[in-house]
Undergrad: 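Encoded as structure tokens, here's the structure I'll be asking about.
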Amino acid sequence: MTDFSASFDPGRLKPLPREFFNRDPRRVCRELLGKVLVRREQGKLLAARVVEVEAYMGTGDPAAHAFIGPTSRNQVLFGPPGHAYIYFIYGNHYCLNVSCMPEGKAGSVLFRALEPLAGIEKMQKVRGLEGAAVSARVLRLLTSGPGRLAEAFGITRLRDNGKDLTDPNSDLFLAADGFRPRRVLTTARVGITKAAEKPLRYLIAGNEFVSGKRSQTA
DNA sequence: TTATAGATTGCCT
DNA sequence: GGCAATCTATAAT
């Protein structure tokens, strides 16, 4: 099934407020599903719906980068809510998080998969799929996976780490367009070894853009 | 100073 | 289904 949004109107999108992110990452995860990630650049607009996220619980979570306490790498996580935390992983990929909880507390949400809505040509270009016929398979290759969606949105540590995603002038932000997921599922988080059993992955049930090889969207 | 694991992806068999 | 690529933060020496 596909979540095409009849209500999608790029001109009306404005950033979610800081208070949205000033709470438990698990709550932020649920609320973020169905929202829209927006990138503005050079008069162009990239937009994609959030369909899969994971909660990281700060210093109490062995799988979280904040587990070891504040460092130069993870300091954004301990700052105010609503800021982008970008890290580089496996020598190849950037991943996007948004900080949650009040300043001093380090919860966060990792973006794992999006459903492309606007700027698909541009995404194809940066993902190395320029000119490919737009099929379900090609769309999935754009933003289904944390490394993929970061590349599609041109997200890098240099450009975006620490950016305030609630600033009305930000070129990267999250917005609501009225879409509501029908059903949300929780599963174990992907790709971690510590605290791997906790059900902190949230996804829109049945959405075809959820990451991974088909079938586990149950 | 050196070693190693890692919130992944894509190519190979 | 298996595994190399490629870099960095942090741990170990």
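All chains are named by letter (A, B, ...) in the order of the sequence lines, taking the proteins before the strands, and each is independently numbered beginning at 1. Bear in mind the structure is a predicted one, so any value in this text is a computation, not a measurement. Excluded from the calculations below are hydrogen atoms, water molecules and symmetry mates; all remaining heavy atoms, backbone and side chain alike, are included.
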Undergrad: Is it true that the NZ or CZ of Arg18(A) lies under 6.0 Å from the centre of Phe20(A)'s six-membered ring and within 45 degrees of the ring axis?
TA: no
Undergrad: Please list, for nucleotides 10-13 of chain C, all pairs of protein and nucleotide N/O atoms separated by less than 3.5 Å.
TA:
residue: dT10(C); atom: OP1; partner: Thr71(A); partner atom: OG1; Å: 3.0

Undergrad: OH of Tyr85(A) versus P of dA9(C): gap in Å, rounded?
TA: 9 Å
Undergrad: Taking CZ from Phe88(A) and C1' from dA5(B), how many angstroms apart are they, rounded to a whole number?
TA: 15 Å
Undergrad: Kindly express the pairing pattern of DNA chain C in dot-bracket notation, using | wherever a base pairs with another strand and counting only Watson-Crick or G-U pairs under 3.5 Å.
TA: |||||.||||||.
Undergrad: May I have the step-by-step check of salt bridge (Lys or Arg N to Asp or Glu O under 4.0 Å) for Arg30(A) and Asp24(A), ending in yes or no?
TA: CA-CA 10 Å; Arg30(A) 283 197 179 275; Asp24(A) 189 297; over 6 Å; no
Undergrad: Which letter, B, S or -, goes with each nucleotide of nucleotides 8-13 of chain B from 5' to 3', with contact meaning a protein heavy atom under 4.0 Å?
TA: BSS---
Undergrad: With P as the reference atom in both, quote the distance from dG1(C) to dA7(B) in angstrom, rounded to an integer.
TA: 23 Å
Undergrad: Side chains of Leu16(A) and Leu32(A): does their closest heavy-atom pair fall under 4.5 Å?
TA: yes
Undergrad: Could you list the residues that satisfy side-chain contact (heavy atoms from CB on, under 4.5 Å) with Pro181(A), not counting sequence neighbours?
TA: Leu33(A), Phe179(A), Val184(A), Ile204(A)
Undergrad: Does one hydrophobic cluster hold both Ile86(A) and Leu77(A), with members joined at side-chain heavy-atom distances below 4.5 Å?
TA: no
Undergrad: With a 4.0 Å limit, can you tell me whether Thr193(A) has a side-chain N or O closer than that to the phosphate oxygens OP1/OP2 of dA5(B)?
TA: no
Undergrad: Using the rule salt bridge (charged side-chain N to carboxylate O under 4.0 Å, His left out), only one of Arg148(A), Arg140(A), Arg112(A) pairs with Glu52(A); which is it?
TA: Arg112(A)
Undergrad: Show, in sequence, the C-alpha distance, side-chain angles and deciding distance for Asp171(A) and Lys163(A), and conclude whether the salt bridge (Lys or Arg N to Asp or Glu O under 4.0 Å) test is met.
TA: CA-CA 9 Å; Asp171(A) 66 341; Lys163(A) 186 171 285 181; 2.6 Å; yes
Undergrad: Starting from C1' on dA7(B), measure out to CG on Asn161(A) and report it in whole angstrom.
TA: 15 Å
Undergrad: Residues sharing Val126(A)'s hydrophobic cluster, by side-chain heavy-atom contacts under 4.5 Å among ILVMFWY, directly or via others?
TA: none
Undergrad: In whole Å, measure the gap between the P atoms of dT2(B) and dT6(C) for me.
TA: 22 Å
Undergrad: Tell me every residue that passes side-chain contact (heavy atoms from CB on, under 4.5 Å) with Lys105(A), counting only those two or more places apart in sequence or in another chain.
TA: Met101(A), Pro102(A)
Undergrad: Does Glu121(A) have more than 12 heavy atoms from other residues, nucleotides or ligands lying within 6.0 Å of its CD?
TA: no
Undergrad: By the definition ring-ring contact (aromatic ring centres under 6.0 Å, His included), identify the one residue from Tyr85(A), Tyr87(A), Phe111(A), Phe88(A) that meets it with Tyr94(A).
TA: Phe88(A)
